[in-house]
Structure formats: C-alpha cells, structure tokens
Undergrad: 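Pasting a structure here, questions to come.
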Amino acid sequence: MSTTSEQGNPGPQRQTPAQANEALRAFVRAHGDRPWSRAELAELDRLRAAWRAAGRAGVTTAA
C-alpha cells in the first residue's frame, strides 16, 4: 500500500507548540457560546492531540 509521501505529495507538517495552541484557541473562539456538536468535539479532540504532540516533540520551528 502506498502512503501519501510515496506518491510525491508532502506529508503532514509539524506544528510548533505555539502554532498548535493558536489553532486550538482559534477554533474555540470561532465556536462561540453555543452547544458543541459531536463533529466539533471530535475536531477539538484532534486539535488537542496535535497540541500535545507538538509539545512532546519539542518542535520549535515549522517544518
């Protein structure tokens, strides 16, 4: 099975912790004061995981 990078497309870019944090904050700000849907909660979980991964990786610059 071919992966995306084997097909010549760039793989996912690593975010710095600050970039991941800003993406998470922007998503929450844009959501506003209303109930969260399942899809929105799933995206929030994905953004949190990306933020945690960026912190663990200690990435300091965008790839």
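Keep in mind that the numbers below use all heavy atoms, side chains included, and drop hydrogens, waters and symmetry copies.
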Undergrad: Which residues satisfy the side-chain contact (heavy atoms from CB on, under 4.5 Å) test with A18, sequence neighbours excluded?
TA: T16

Undergrad: If the condition is side chain to side chain donor-acceptor pair (under 3.5 Å), which residues does E40 pass it with, not counting sequence neighbours?
TA: H31, R34, S37

Undergrad: Closest approach of A54 and A20, non-hydrogen atoms and distance?
TA: CB-CB, 4.2 Å

Undergrad: For residues L44 and F27, report the shortest heavy-atom separation together with the two atoms involved.
TA: N-CE2, 4.0 Å

Undergrad: Go through the structure and list residues passing salt bridge (charged side-chain N to carboxylate O under 4.0 Å, His left out) with R48, not counting sequence neighbours.
TA: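 Scan of R48 (salt bridge (charged side-chain N to carboxylate O under 4.0 Å, His left out), adjacent residues dropped) gives D45.
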
Undergrad: Can you give me the closest heavy-atom contact between W51 and P17, atom names plus distance?
TA: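 Scanning both residues completely, I find the closest heavy atoms to be CD1-O, 3.7 Å.
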
Undergrad: Mind checking side-chain contact (heavy atoms from CB on, under 4.5 Å) for A23 and listing every partner two or more places apart, or none if nothing turns up?
TA: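 side-chain contact (heavy atoms from CB on, under 4.5 Å) check on A23 returns Q15, L47.
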
Undergrad: Not counting sequence neighbours, which residues clear salt bridge (charged side-chain N to carboxylate O under 4.0 Å, His left out) with R38? List them please.
TA: none

Undergrad: Who are the salt bridge (charged side-chain N to carboxylate O under 4.0 Å, His left out) partners of R46, not counting sequence neighbours?
TA: E43

